[in-house]
Amino acid sequence: MVSLSDYLILSAVIFCIGLVGIFINRTNIITLLMCVELILVAVNTNFIAFSHFLGNEAGQIFVFFILTVAAAEVAIGLAILTLLFRNKGSINVDVTNSLKG
Amino acid sequence: MENIYLTIALAPLLGAIIAGFFGGMLGRKATHTITILGVLVSTVLALYVFNHHVLEKGEIFNQNLYTWMQIGSLNISVGFLIDNLTSVMLVVVSFVSLMVHIYTIGYMDDDDGYTKFFSYISLFTFSMFMLVMSNNFMQLFFGWEAVGLVSYLLIGFWHHKESAVEANLKAFLVNRVGDFGFLLGIGLVLAFSGSLDYAEVFSSLDNTTNQQLWGLDLITVICLLLFVGAMGKSAQVPLHVWLPGSMEGPTPISALIHAATMVTAGIFMVSRMSPMFELSDVALTVVMVIGAITALFMGLLGIVQNDIKKVVAYSTLSQLGYMTVALGVSAYSVAIFHLMTHAFFKALLFLGAGSVIVAMHHEQDIRKMGGLRKKMPITYWTALVGTLALIGFPGFAGFYSKDMIIEAVHFSSLPYAEWVYYAVVAGVFITAFYSFRMFFLVFHGKSRVDHHTEEHLHESAPSITFPLIALAIPSAVIGYFTIDPMLFNGWLDNAITIDAEKHVSMTELSNIFHGAAAMIPHAVQTLPFWMMVGGIATAWVFSLYRTQWADWVQNKFHRTNYALESLYGFDRFNEIVFVGGIKKLGNLLWKVSDMGIIDKIAVNGSARLVGFIGSVVRPIQTGYVYHYAFFMIFSLLIILTWVLFAGDNPLLQIEF
Amino acid sequence: MELLSLLIWLPILGGALVILIGNNRADTARWASVAISIVVFVVSLSLYTEFDSSTHLMQFEEKVSWISQFNINYHIGIDGISMPLIILTTFSTILVIIAGWEVITRRTAHYMAAFLIMEGLIIGVFSSLDAILFYAFWEASLIPMLLIIGIWGGDNRVYAAIKFFLYTFLGSVMLLVSLIYMYNKGGSFGILDMHNLNLTLAEQSYIFWAFFVAFAVKVPMFPVHTWLPDAHVQAPTGGSVILAAIMLKMGGYGFFRFSLPITPDASLEFSDVVIALSLIAIVYIGFVALVQRDMKKLIAYSSISHMGFVTLGVFALFSILTMGADGSLVSLNGGSIDGALLGLEGAMVQMISHGFISAAMFLVVGVLYDRLHSREISTYGGVINSMPKFTGFAVLFAMANAGLPGTSGFVGEFMVILGAVQANIWYAVLAATTLIVGAAYTLWMVKRVFWGSITNDAVKTLKDINGREFLILAILAAAVLIVGLYPQPIIEVMHSSIEHLLNQALTSKL
Amino acid sequence: MTFDQILFYVFSFWFIASSLAMIFSRNAAKAVLFLILSFFSAASIWILLEAEFLAITLILVYVGAVMVLFLFVIKMLNIDKSTLRAKFAGYLPLGLIVAAIIIAEMTLVLGGNQFGLDVVAAPARHAADYSNITVLAMQLYTTYVYPFELAAVLLLIAIIAAITLVHRNELNRKKQSISEQVNVQAKDRVRLVSINSPNKENK
Amino acid sequence: MMNTFQFDTALLLVALPEIFLLSSIVVILLVDLFLTKGFKQVTYYLTQFSLFITGLLAFNLIGHPETVIFSNSFVLDNMASVFKVFMMGATMVAMVYSRHYLTQHSLFRGEYFVLVLLSVLGMMVMVSGYSLLTLYLGLEILSLSLYTLIAIARERSGAIEAALKYFVLGAIASGLLLYGMSMIYGISGSLNISEISAFASDANLGSRETLIINFGLVFLVIGIAFKLGAVPFHMWVPDVYQGSPTSVTMFLSTVPKIAAVAMLVRILIDGLGAMHPYWSDLFMVLALLSIALGSVVALMQTNIKRMLAYSTISHVGFIMLGFVTGVVTGYGAATFYVLVYVFMSLAAFGIIILLNKKGFEADQISDYKGLSKHSPWFALMMLIVILSMAGVPPMLGFYSKFFILQQLVSAGFVTIAIIAVVFAVISAYYYLQIIKSMYFEDSEKEIVVSAPMDMKLILSINAILILVIGLFPDFWMKLALSLF
């Protein structure tokens with residue numbers, strides 16, 4: 001049988017890949033958004049695994065809402081991205097450093 | 001009586017205030033009338049008081065006027081102690097002061113600060129009265145400093161003269177060095193006696209037995225500290241440097257303050273403290289030795305001076321040395337006696353010098369004078385009286401006092417007394433030499449006065465000559481009349497304490513004393529007389545008979561001459577070590593320590609450090625979102641590690 | 001409103017009123033300010049006349065609950081230690097307002113208002129009996145001073161103002177922490193309750209140093225004094241006057257009100273350190289003052305040196321007396337109770353006298369500065385020729401600064417030195433060097449500025465002081481002389497309180 | 001090794017591999033496709049966990065809508081070509097190490113000691129008639145009605161936000177003006193200008 | 001299988017403020033749609049009106065016995081009601097200020113107000129959230145609205161950049177928060193705060209449970225710290241503060257702080273209060289870092305918004321210190337601090353906005369040169385605010401610091417208190433920079449205050465209250481304490 005621990009470690013790995021993806025990537029911002037999605041999927045896996053092993057649906061319900069939030073977030077994220085593109089003509093991460101210090 | 005005492009003190013104060021604040025309105029005549037009147041009242045009353053206390057042997061008056069402060073059981077008051085010592089001092093001070101007031105009318109006639117000057121000298125008279133009438137240390141210090149203040153103001157009276165303002169600062173500061181010791185002495189007095197009142201202090205002297213401080217008896221330390229104060233005020237070596245400089249002030253001031261009264265405050269003070277000084281042979285020896293050094297070496301300096309006032313100033317120093325020697329050998333009354341005679345003849349000499357200076361249109365160099373005898377007869381004769389009194393010509397006032405000092409030293413059993421004896425005897429020769437050198441150069445010989453001045457040369461105004469005459473009389477005779485009662489008939493007994501067993505000078509003196517008249521023939525047989533004669537003769541040779549010899553001697557002994565002309569290098573030493581050194585030190589402390597280390601490094605440095613940290617931390621905020629993310633994740637790592645493995649209770653133990 | 005509250009709030013509200021009058025009606029603002037300050041002064045005199053000097057207990061007390069959450073009260077009252085300082089405050093404010101009369105042409109109303117408000121706040125400091133109330137006034141009084149220096153100051157005013165503020169702010173936050181600590185221990189912010197709070201030696205030590213930092217900065221003591229020269233030099237004359245005359249006294253007052261009674265054992269423990277610092281201040285700063293070329297800086301340094309006597313006088317008592325097992329005072333080194341009292345009361349007198357003298361000295365410099373806009377000593381020389389009356393005052397104040405008997409400057413120093421002799425002769429020796437050094441720097445400056453012949457043509461054109469300036473200087477001269485000649489009234493007023501304080505300071509809390 | 005385990009490891013492998021491929025991908029469009037692969041793997045794993053409804057939702061909603069949205073934006077902004085070369089942060093090694101340590105630590109915490117089968121036993125399989133969707137629905141509309149409403153608000157925000165941010169209002173929208181087009185005349189389009197040759201004048 | 005589900009509609013009254021607000025949002029959204037250009041102000045007034053009514057409703061519920069509804073996911077207690085009232089008040093004030101800014105910079109749009117209201121709704125949800133789920137949803141409602149609000153200045157690249165950074169980092173933070181929540185859920189088996197609390201405070205908690213809770217706690221604390229803007233999760237704060245339109249900066253720097261504190265209280269104290277010894281150390285470190293970094297880095301700033309951002313970080317440090325104490329009064333102190341902070345921050349940004357005019361952001365410190373000459377009254381107001389922020393008595397800011405310090409010392413953290421005050425002194429330095437600009441320096445450039453009367457009035461009241469409440473802070477301290 002697959003233990004709970006296996007699922008959790010899997011999601012931990014995915015979670016970390018998501019995190020790493022955010023900060024190692026200097027290409028474009030859209031990848032950042034995708035990494036955020038990855039993080040959320042990892043968390044969702046966590047919740048589902050717990051829910052399954054606890055025999056308690058609350059976790060799954062939570063995932064349901066996380067998916068909703070994620071969708072909304074993507075909508076806004078892409079909107080901002082579009083605005084950025086309109087303003088700077090690029091979505092390169094490096095262009096967004098006029099605010100610093 | 002109380003009102004009389006009060007009037008003595010306050011009359012000149014009133015005069016000073018009126019002259020000071022309303023002098024401009026009242027005009028010159030009214031101003032000098034009022035101030036002279038004030039001092040005249042004091043003088044008359046002083047004579048009355050003298051009569052009451054000394055002649056009629058009145059009770060000692062000791063009473064507080066008002067409480068200056070009351071702290072716990074300590075009461076510090078302003079009050080009067082009038083005994084015979086005070087009475088004598090009152091007479092001397094008021095009389096000389098009166099003469100100087102009158103003299104000033106003529107002397108300061110053409111000065112803009114006429115009314116101010118009267119205000120100052122009246123204020124001085126008041127301060128001096130307060131000093132001598134004080135019944136406690138605090139008030140003594142008050143008067144002590146007040147006379148210093150007036151002295152400061154008067155030396156710098158001609159404030160446009162750079163040398164004058166230089167001199168007054170120097171005078172004040174050197175006096176402050178003395179006050180430094182004086183104040184500490186007062187502090188120690190308070191510490192052992194719990195009081196500042198003379199009577200209470202003297203009655204609790206037992207408290208000091210067996211107490212040590214700095215390896216000396218407590219009482220010795222106290223006396224020495226107090227004597228440091230006296231050294232400042234009475235210009236004893238090495239705190240004498242201010243006195244010659246103070247001659248920058250107008251001549252009446254030199255007469256009043258820097259010859260007759262203020263400089264003797266130290267002598268007066270030590271006499272006042274005789275019950276304390278008597279307890280310490282060490283202190284007395286120091287006093288004596290310092291006095292001797294001053295008497296001898298300052299006299300020597302008088303020889304090479306060419307400024308008429310400077311010569312008199314150095315003679316003053318030398319005479320103060322004599323007084324101090326007298327104090328040292330416990331002949332307090334002799335010191336006071338010399339103080340008195342000296343006050344008269346030295347004031348006379350100064351005023352005479354002033355008269356000459358006025359006549360010479362403020363030319364003070366004796367090499368540019370000569371032959372004034374004919375032009376200024378009154379001045380000449382009074383100056384002769386003064387000079388004879390100064391050198392101790394038998395019969396004149398100075399003779400009695402100085403002779404007594406020399407004899408007293410002779411009888412002293414203190415260590416080094418022999419050396420001191422030789423010093424004071426040698427001093428007699430020197431005194432005679434420089435005094436007559438000056439006298440001859442000024443009044444005799446060929447005139448070296450320039451033509452322009454020569455034409456206007458004439459005897460001074462009556463307001464100047466009157467004080468000269470009035471002072472010449474006591475200079476001549478006062479010694480004769482007062483030596484007996486003052487020294488041996490107990491005029492000062494109720495003020496002065498002598499441990500007759502240990503210090504025998506006075507007892508011995510009274511044994512050999514057979515009346516004033518008898519002293520004159522006796523003196524002729526003694527060494528000091530011949531020293532004096534030798535001095536006069538030498539002066540005659542060098543200044544009239546063979547003037548070129550003087551140059552020859554100067555060249556021959558150029559090293560000695562150099563030492564003398566550079567005043568033994570005291571001024572130079574002070575200039576370099578104290579003034580220069582302290583300025584350097586001050587700059588060092590200010591620039592290096594204060595501004596550099598404390599302000600720049602510690603204060604601004606820490607501010608800069610914060611700023612520096614800020615500027616180091618700030619670039620972490622690069623503006624790149626991936627940096628931010630990395631920073632967050634990295635922090636997550638740290639926190640996670642810390643929570644899991646660190647702390648008192650690590651959540652996870654790693655097993656290897 | 002009770003008397004003390006009136007004294008605190010009248011000037012503050014008056015200041016607000018003056019702000020409302022506005023800068024455009026400068027003359028109205030001036031007259032209003034001077035009227036308010038005189039009224040306050042007159043009211044404050046009734047503190048003196050109705051004061052009962054026979055008791056050390058607080059008088060004119062008022063107590064209203066303020067922040068009940070922490071048992072903080074609006075609790076004010078005065079004793080013999082604070083009363084003279086309050087009168088000094090009201091007195092100085094009048095002078096400062098008159099002094100700024102025609103000199104301050106920019107934002108006149110705000111200037112006057114700042115001083116009035118500060119007056120109220122400082123009176124608050126001196127009369128607070130609740131620690132937080134005290135702290136609030138203490139800190140709040142920084143604000144007007146910050147603005148005064150920053151707005152009306154000299155060229156480098158910004159640096160000076162900020163340095164002043166931060167220095168003192170840093171000092172006082174430590175005070176706050178220690179006050180809170182004591183509250184947590186004793187449950188009350190009442191200063192008098194703190195006096196009776198039992199603290200271990202370790203606690204006392206920490207609290208002592210916290211107090212020390214706060215008060216030493218204010219006094220200021222070596223080595224935390226470097227804000228003072230800057231602040232003084234840059235501040236407008238009025239600012240310098242208040243700073244020197246009153247604000248520094250807040251530090252000294254702190255030692256009296258907080259350090260000694262609350263941490264007696266720590267005070268004993270560290271008295272040597274404090275005395276050492278005081279002596280350094282006296283001697284070292286004296287030398288530093290000697291070489292100043294800027295008159296205000298010179299006076300500022302001389303202030304530090306003079307304030308050294310305050311701390312010396314306060315802490316010397318621990319070397320004079322100790323408390324015997326039976327509760328009686330026992331002397332050390334052959335000292336007496338009088339000696340300790342001399343030190344403490346000398347410190348108080350020194351504070352008051354320094355209030356007059358430093359105010360006067362700064363006003364003197366201000367008079368010159370207003371005319372030639374230079375504080376450099378070398379600019380002047382021979383001022384007496386064109387300003388004889390003024391020189392008269394200047395010399396008097398200089399003499400007072402040099403501690404001449406008959407002036408107030410002498411009294412405090414004399415008392416402290418006499419007291420110090422009984423603690424340790426060396427303390428006295430070092431302290432007494434000020435007789436020489438103090439005279440040296442003051443009179444040397446006088447010599448270079450006032451005496452001599454005129455070297456700068458501008459000095460020739462100087463006009464002697466006008467009636468307004470004469471009035472201020474004359475009032476101060478009178479004050480200096482009266483205190484110098486008859487200090488007994490001041491001493492009498494504080495005696496009971498000081499005696500009580502002496503007992504508190506010597507009663508061990510351990 | 002049970003079948004469950006085999007499936008788990010296979011899907012896990014794909015999950016991790018495609019995630020890694022996604023973050024290291026140089027082309028945004030390809031990254032999206034890798035992400036879709038990840039989601040499929042995730043959905044599979046969720047099915048292993050008997051969360052069928054969520055697995056389906058993930059595919060339908062995420063892959064079907066959200067990922068398409070991504071692709072749409074990428075294509076619209078034409079950014080897949082504009083970034084030819086992926087650039088990675090200079091601290092990539094450091095970043096990977098950090099990530100590795102975090103994973104290690106998490107593994108330590110989440111490992112068998114805490115969540116192994118002996119600690120948390122695998123639950124029994126649900127009966128065949130178990131309907132995941134019914135169970136969730138029952139809860140969603142009763143117990144979780146409040147969050148459900150909140151989710152509605154969230155979506156409202158998303159709508160408002162998208163419109164507010166991206167929608168071009170009249171001022172900055174590029175649109176046709178028919179009447180102007182009709183009324184246009186030749187002179188509006190072409191203007192004949194005679195130009196003097198500067199060269200001639202100079203000579 | 002049927003759930004027996006019952007719900008008493010009367011209980012909905014408890015959520016009346018939220019319900020009313022949501023309804024108003026919908027109404028406003030619709031009304032705004034039909035408003036022609038000249039009547040856009042109607043939206044503003046409607047917004048203010050609905051905020052006011054919501055506040056009133058919330059105020060009405062103060063003193064209502066603690067009630068939990070919606071299957072234990074919504075709680076109404078005094079803290080919730082008081083926070084809601086404060087949030088409404090603060091938002092109203094913020095809207096007054098915002099209107100001037102929006103008009104000046106042509107950003108006045110109906111959506112702006114709707115989004116503000118939505119974010120307020122999100123905060124209300126957080127304040128009343130009693131399950132991890134509702135807390136999360138509330139947080140997301142808030143965050144998504146804020147992202148949009150920032151980006152609403154579409155033409156400004158700074159704003160977009162700020163929005164993007166906030167968005168990306170915020171998403172990571174919610175990811176971490178969610179991960180933490182999943183752990184808590186996984187170990188306790190519940191999303192409900194009261195059940196989590198019951199689980200965590202079980203005396204027989206095993207080491208495995210403790211480990212997992214604390215593991216989750218780390219992520220939760222990070223999520224909360226991010227929202228509060230505590231170091232080292234503060235990176236977004238300065239950039240977002242600087243880049244956002246000032247009215248948004250003002251809003252997001254004030255009201256959401258209350259919500260963040262509420263979330264902190266709900267999760268860490270109501271839920272995991274038993275774990276206090278574990279998280280307090282962490283908090284202490286974060287708090288001290290925040291105070292230190294906020295104070296030190298702010299020194300170097302020339303942009304006043306950015307400087308205030310760092311100052312916020314430093315204030316947040318103080319707020320967190322209140323929670324370190326682990327006692328109810330300490331939480332009260334923190335609450336008091338956050339309310340005071342909101343009050344001061346509103347006034348500070350208010351003055352920045354006051355000076356705004358078309359094409360002039362007034363966001364450089366040097367823009368304030370000579371303010372005391374051109375506009376002495378508002379310079380005085382700014383002076384009060386700045387001094388209050390610096391913690392100088394008798395301004396309100398002093399009492400909040402005092403309260404925190406008192407609690408710290410009382411809990412035995414004397415050293416921490418000393419470190420905190422030393423940094424408070426350092427931070428005084430940069431506050432002085434503003435005073436310096438306003439009072440000590442002069443500028444030829446005339447500063448004209450063109451704001452409408454209502455804004456001037458409210459702003460003056462706001463600033464003066466800082467002083468007045470400072471003189472009589474007793475009631476407010478008591479109020480803050482009564483919430484726990």
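All values below were derived from every heavy atom in this structure, side-chain atoms included, with hydrogens, water molecules and symmetry-related copies excluded. Within every chain, numbering begins at 1; the chains are lettered A, B, ... in the order of the sequence lines, protein sequences first and strands thereafter.
Only the side chain of D:N132 comes within less than 4.5 Å of a heavy atom in chain A; its backbone stays farther off. Heavy atoms closer than 4.5 Å to chain D are found in the side chain of A:L83, but not in its backbone. Interface remark: A:A42 contributes no atoms to any contact with chain D (heavy atom separation under 4.5 Å). Using a 4.5 Å cut-off between heavy atoms, A:F47 makes no contact with chain D at all. Within the 4.5 angstrom heavy-atom criterion, atoms from both the backbone and the side chain of D:F70 approach chain A. At a 4.5 Å heavy-atom cutoff, the contact between A:F65 and chain D is made by side-chain atoms alone. Proximity to chain D (any heavy atom under 4.5 Å) is shown, for A:I48, by both the backbone and the side chain. Residue contact with chain D, scored on non-hydrogen atoms closer than 4.5 Å, involves the side chain of A:I14 exclusively. In this structure, the portion of A:F15 lying under 4.5 Å from any heavy atom of chain D is its side chain and not its backbone. Using a 4.5 Å cut-off between heavy atoms, A:L54 makes no contact with chain D at all. Proximity to chain A (any heavy atom under 4.5 Å) is restricted, for D:A42, to the side chain, taken from C-beta onward.
The aromatic rings of A:F64 and D:F148 sit parallel, their planes meeting at an angle under 30°, below the 60° perpendicular limit.
Here the CZ-OG1 distance, from D:F15 to A:T45, works out to 4.5 Å after rounding to the nearest 0.5 Å. The line from CG of D:L94 to CD1 of A:I24 is 12.0 Å long, rounded to the nearest 0.5 Å. Of the inter-residue distances, the one linking D:L110 atom CG with A:L10 atom CG reads 11.5 Å to the nearest 0.5 angstrom. For the atom pair D:I36 CD1 and A:M34 CE, the distance stands at 9.5 Å (nearest 0.5 Å). To the nearest 0.5 angstrom, D:Q114 atom CD is 10.5 Å from A:L8 atom CG. The CG atom of A:D6 sits 10.0 Å away from atom CD1 of D:I45, with the distance rounded to the nearest 0.5 Å.
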- [ ] Starting from the C-alpha separation in whole Å, work towards a yes-or-no answer on side chain to side chain contact (heavy atoms under 4.5 Å, CB included) for A:N44 and D:L54.
- [x] CA-CA 10 Å; A:N44 286 342; D:L54 290 172; over 6 Å; no

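Within the 4.5 Å cutoff, the side chain of D:L165 has no heavy atoms near those of the A:T82 side chain. At a threshold of 4.5 Å between non-hydrogen side-chain atoms, the residues A:F50 and D:F115 count as touching. Side-chain contact between A:V41 and D:S38: absent, with no pair of heavy atoms (C-beta onward) separated by less than 4.5 Å. With a 4.5 Å cut-off on side-chain heavy atoms, A:Q60 and D:F53 do not count as touching. Under the 4.5 Å side-chain criterion, counting only non-hydrogen atoms from C-beta, D:W46 is in contact with A:V63. Using a 4.5 Å heavy-atom threshold, the side chains of A:I76 and D:I157 count as touching. In this structure the side chain of D:L136 reaches within 4.5 angstrom of the side chain of A:I61, judged on heavy atoms. Looking at heavy atoms from C-beta onward, A:H52 lies out of side-chain contact with D:L48 at the 4.5 angstrom threshold.
When each of D:A161, D:A99, D:S19 is checked for heavy-atom pairs under 4.5 Å with chain A, D:S19 comes out on top. Taking D:L140, D:D4, D:V66 one by one and counting their heavy-atom pairs under 4.5 Å with chain A, the maximum is reached by D:L140. In terms of non-hydrogen atom pairs under 4.5 Å with chain A, the most contact-rich of D:L35, D:L117, D:L49, D:V32 is D:L49. Your options are D:I102, D:L96, D:L69, and the one with the most heavy-atom pairs under 4.5 Å with chain A is D:L69. In terms of heavy-atom pairs under 4.5 Å with chain D, the best-connected choice from A:I22, A:L67, A:V20 is A:L67. Among D:L7, D:V109, D:T107, D:L58, the residue with the largest count of heavy-atom pairs under 4.5 Å with chain A is D:T107. Highest contact tally toward chain A, considering only D:A162, D:A100, D:G95, D:A124, is held by D:G95 [criterion: heavy-atom pairs under 4.5 Å]. Highest contact tally toward chain D, considering only A:T68, A:L19, A:L78, is held by A:L78 [criterion: heavy-atom pairs under 4.5 Å].
Contact between D:G111 and A:I9 at its shortest, heavy atoms only, is CA-CD1, 4.3 Å.
Enclosure of atom OH in D:Y130 by more than 12 non-hydrogen atoms of other residues, nucleotides or ligands within 6.0 angstrom is indicated.
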